[in-house]
Amino acid sequence: MRSSSEWVAYFERNAAELRAIPWEMGAGVTDAELSAISASLRGWQLGETSDGSHLLAAARHYAAAVGDPEFIDAVRLFITEEQRHGGNLGRFLDLAGVERASSDWGDSLFRAIRYAMPRMEIWATPVVMVETHAMVYYNAVRRATQSPVLRAICEQILADEVAHIRFQCERLAILHRRRPWWQRKLTMGLHRLLFAGITVAVWGGHQRALRAGGYDFGRFWRAAWRKMRFAWRAMSPNTYCWQPPQQPPQAPQQSAASSILSPVSVGRGAAAELGRR
């Protein structure tokens with residue numbers, strides 16, 4: 001499990017190593033391809049463009065409570081990556097002559113869930129679920145077009161989402177760690193109900209683009225749940241060996257808040273599996 005400072009270093013390094021997007025080639029998308037995916041892309045593009053102010057407020061409150069100020073910087077860089085996704089998708093829509101969306105019912109629903117309570121867990125949980133669906137969705141869009149620009153955008157998003165899901169799952173593992181087993185079981189039951197609802201909603205709003213990429217409902221359902229199972233494994237406290245860092249002789253006892261931020265991972269395979277398609 002990475003510390004917040006390690007996540008800051010990762011996001012900074014990733015921003016300096018982005019895939020090249022051949023913007024000079026233009027949109028390069030056919031009318032048939034655009035007809036199948038444009039309405040859906042408009043909704044996803046809007047969802048990627050949040051200013052992140054509510055998330056940063058929740059992150060600041062949480063970081064102050066656990067004594068981890070670098071977590072705020074990690075969240076800020078995470079938001080920057082999401083905004084880059086939205087910016088690239090918006091630029092593609094502009095090239096293709098498609099008007100950007102100003103509102104979308106799916107995006108509005110997602111924001112309502114996150115804004116319900118300004119707690120880190122309420123933010124991270126739906127983000128993991130939507131980004132799990134995003135991995136299936138952007139794979140479908142990549143397969144639905146021959147546009148070099150759009151395919152490069154999708155490949156970059158897919159690469160970024162693997163780390164985004166791991167970032168959120170590790171934080172959820174920390175948040176769930178001190179709960180008794182029955183509360184964790186109840187939480188996972190609620191997760192499954194929420195995930196099923198989100199899966200149906202994503203299909204209802206984006207089935208045309210998903211079908212264009214080779215996903216009927218059955219394949220989409222199985223792919224989404226397969227990836228989410230790896231995410232649940234990555235957010236389980238049982239995936240990690242929780243050890244405090246080595247203390248020098250006669251050092252003051254470490255606080256509980258700081259000790260939970262220094263686990264040693266014994267389950268990196270679950271997070272790595274998220275990138276397999």
From [X] atom [atom1] to [Y] atom [atom2], the distance as rounded to the nearest 0.5 Å:
| X | Y | atom1 | atom2 | answer |
| --- | --- | --- | --- | --- |
| Cys154 | Leu89 | SG | CG | 7.0 Å |
| Trp232 | Cys169 | CH2 | SG | 10.5 Å |
| Thr199 | His133 | OG1 | NE2 | 2.5 Å |
| Arg178 | His176 | CZ | NE2 | 14.0 Å |
| Met135 | Phe230 | CE | CZ | 11.0 Å |
| Leu77 | Arg13 | CG | CZ | 12.0 Å |

Find out if a path of hydrophobic residues (ILVMFWY) with successive side-chain heavy-atom gaps under 4.5 Å connects [X] to [Y].
| X | Y | answer |
| --- | --- | --- |
| Ile153 | Leu18 | no |
| Leu56 | Leu175 | yes |
| Val200 | Phe220 | yes |
| Leu194 | Leu190 | no |

How close do [X] and [Y] get, heavy atom to heavy atom, and via which atoms?
| X | Y | value |
| --- | --- | --- |
| Ala234 | Ala173 | O-CB, 4.3 Å |
| Pro148 | Met25 | CG-CE, 3.6 Å |
| Leu158 | Ala134 | CD2-O, 4.4 Å |
| Thr132 | Ala231 | OG1-CB, 4.4 Å |
| Thr49 | Gly86 | CG2-CA, 3.9 Å |
| Pro22 | Val149 | O-CG2, 3.2 Å |

Under 3.5 Å donor-acceptor pairs involving side-chain atoms of residues 29-39, not counting sequence neighbours:
from, atom 1, to, atom 2, distance (Å)
Thr30, OG1, Glu33, N, 3.1
Glu33, OE1, Thr30, N, 3.3
Glu33, OE1, Thr145, OG1, 2.9
Glu33, OE2, Gln146, N, 3.1
Ser35, OG, Arg208, NH2, 2.9
Ser38, OG, Leu34, O, 2.9

Taking the side chain as C-beta and beyond, is there a heavy-atom pair between [X] and [Y] under 4.5 Å?
| X | Y | answer |
| --- | --- | --- |
| Arg2 | Phe167 | no |
| Arg151 | Val141 | no |
| Leu186 | Gln183 | no |
| Trp242 | Met1 | yes |
| Phe92 | Leu41 | yes |
| Glu82 | His164 | yes |
| His54 | Trp123 | yes |
| Met235 | Glu170 | no |

Fill in: Atom CE of Met188: over 12 foreign heavy atoms under 6.0 Å
yes
Fill in: Crowding at CD, Glu99 (>12 non-hydrogen neighbours, <6.0 Å)
no
Worksheet item: Think Arg222 forms a cation-pi with Tyr215, using NZ or CZ under 6.0 Å from the six-ring centre and within 45 degrees of its axis?
Response: no
Discussion item. Please verify the inter-ring angle class for Phe195 with Trp225; under 30° counts as parallel, over 60° as perpendicular, anything in between as tilted.
Written reply: perpendicular
Worksheet item: Parallel under 30°, tilted from 30 to 60°, perpendicular over 60°: which one fits the rings of Trp7 and Tyr10?
Response: perpendicular
Worksheet item: Does Arg84 have any salt bridge (charged side-chain N to carboxylate O under 4.0 Å, His left out) partners at least two apart in sequence or in another chain, and if so, which?
Response: Glu81, Asp160
Worksheet item: Under the salt bridge (charged side-chain N to carboxylate O under 4.0 Å, His left out) test, which residues partner Asp94, sequence neighbours left out?
Response: Arg100
Worksheet item: Given the rule in the side chain to side chain contact (heavy atoms under 4.5 Å, CB included) test, do Phe78 and Leu55 qualify, once you have shown the distances and angles that lead to the verdict?
Response: CA-CA 10 Å; Phe78 162 78; Leu55 175 54; 4.0 Å; yes
Worksheet item: Any salt bridge (Lys or Arg N to Asp or Glu O under 4.0 Å) pairs touching residues 121-131, not counting sequence neighbours?
Response: Arg119-Glu121, Glu121-Arg179
Fill in: Non-neighbouring partners of Trp23 that pass ring pair (Phe, Tyr, Trp, His ring centres under 6.0 Å), sequence neighbours left out
none
Worksheet item: Would Phe11 and Val75 count as a side chain to side chain contact (heavy atoms under 4.5 Å, CB included) if you check the C-alpha gap in whole Å, the side-chain angles of each, and the deciding distance to 0.1 Å?
Response: CA-CA 10 Å; Phe11 285 125; Val75 169; over 6 Å; no
Practice prompt. Would you tell me whether Asn88 and Arg91 have side-chain atoms, one donor and one acceptor, within less than 3.5 Å of each other?
Written response: no
Practice prompt. State, without any angle test, whether Asp68 and Tyr62 hold a side-chain donor-acceptor pair at a distance under 3.5 Å.
Written response: no
Practice prompt. Please step through side chain to side chain contact (heavy atoms under 4.5 Å, CB included) for the pair Gln83 and Glu48, ending with a clear verdict.
Written response: CA-CA 6 Å; Gln83 291 172 336; Glu48 302 273 15; over 6 Å; no
Discussion item. Under the criterion side chain to side chain contact (heavy atoms under 4.5 Å, CB included), I'd like the reasoning laid out for Ser236 against Arg177: C-alpha separation, chi angles, the key distance, then a yes or no.
Written reply: CA-CA 8 Å; Ser236 169; Arg177 180 195 174 199; over 6 Å; no
Fill in: Carboxylate-amine/guanidinium proximity below 4.0 Å for Arg219 and Asp216
no
Discussion item. I'd like to know if the side chain of Ser147 and the backbone of Ala27 have a donor-acceptor N/O pair within less than 3.5 Å.
Written reply: yes
Discussion item. Is it the case that the ring center of His206 lies less than 6.0 angstrom away from the ring center of Trp44?
Written reply: yes
Practice prompt. Hydrophobic side-chain clustering at under 4.5 Å (ILVMFWY, transitive links): who's grouped with Trp181? Put none if nobody.
Written response: Trp182
